[in-house]
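Note sheet for the following structure.
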Amino acid sequence: MYLEIPNHLLPAVSELLDSLPLKGAQSRARTRTLTLVSAALETLGAGEVELLHTYGVKDAEGELVRDGDTFELVPETAAEYQVERTKLLTEVTVIDEATYTGHETLLRETLETVDVELKGALATAYDVLL
């Protein structure tokens, strides 16, 4: 299977795949794809954590300091963090892994025939998958 997905769309692609009402072979094709996308999401998350460890404020024990639901950034390098995070989110993840014969065709056919209405990021994710 070969997919190119911008990192900022990985969560929406995951949500879309997870929400499709499918059975049988279609469901198995979706599940295999979702597994690959989930692995890419984990890699993206690790990249975001790495950025936070580079640009975030740490306490005496070296732990990142939270400010509510977010992490506190070192003020002098906060702008640099934003630039690097934007770069990370605009990078394109390439999923190029062998799955099984016919998987890519089945997934494409499934997506082309699924009867769901999509909008926003899910619609964009659908377009990227096709």
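Start at 1 with the first residue, then count along the sequence. None of the values given here were measured: they were computed from a predicted structure.
The same ILVMFWY cluster, assembled from side-chain heavy atoms under 4.5 Å apart, contains both L34 and V116. No single ILVMFWY cluster, assembled from side-chain heavy atoms under 4.5 Å apart, contains both V83 and L88. With hydrophobic clusters built from ILVMFWY side chains whose heavy atoms lie under 4.5 angstrom apart, V114 does not share a cluster with L106.
Between E48 and R85, some side-chain heavy-atom pair lies under the 4.5 Å cut-off. Side-chain contact check for R30 versus T110: every heavy-atom pair is 4.5 Å or farther apart.
For the atom pair OG of S14 and CG of L9, the computed distance is 12.0 Å after rounding to the nearest 0.5 Å.
Under the 4.0 Å criterion applied to side-chain N and carboxylate O atoms, R66 and E72 are not assigned as salt-bridge partners. Look at E91 and K87 and you find no salt bridge, because none of the NZ, NE, NH1 or NH2 atoms lies under 4.0 Å from a carboxylate O.
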Q) When you look at T31 and R28, which way does the side chain to side chain donor-acceptor pair (under 3.5 Å) test go after all the steps? A) CA-CA 5 Å; T31 299; R28 288 190 303 278; over 6 Å; no
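Without hydrogens or angle criteria, S27 side chain to G24 main chain gives no donor-acceptor distance under 3.5 Å. Looking at D67, its side chain never comes within 3.5 Å of a backbone N or O of F71 through a donor-acceptor pair.
Between M1 and L107, the shortest heavy-atom contact is CE-CD2, 3.6 Å.
Counting only N and O atoms by type, the side chains of Y55 and E84 include no donor and acceptor under 3.5 Å apart.
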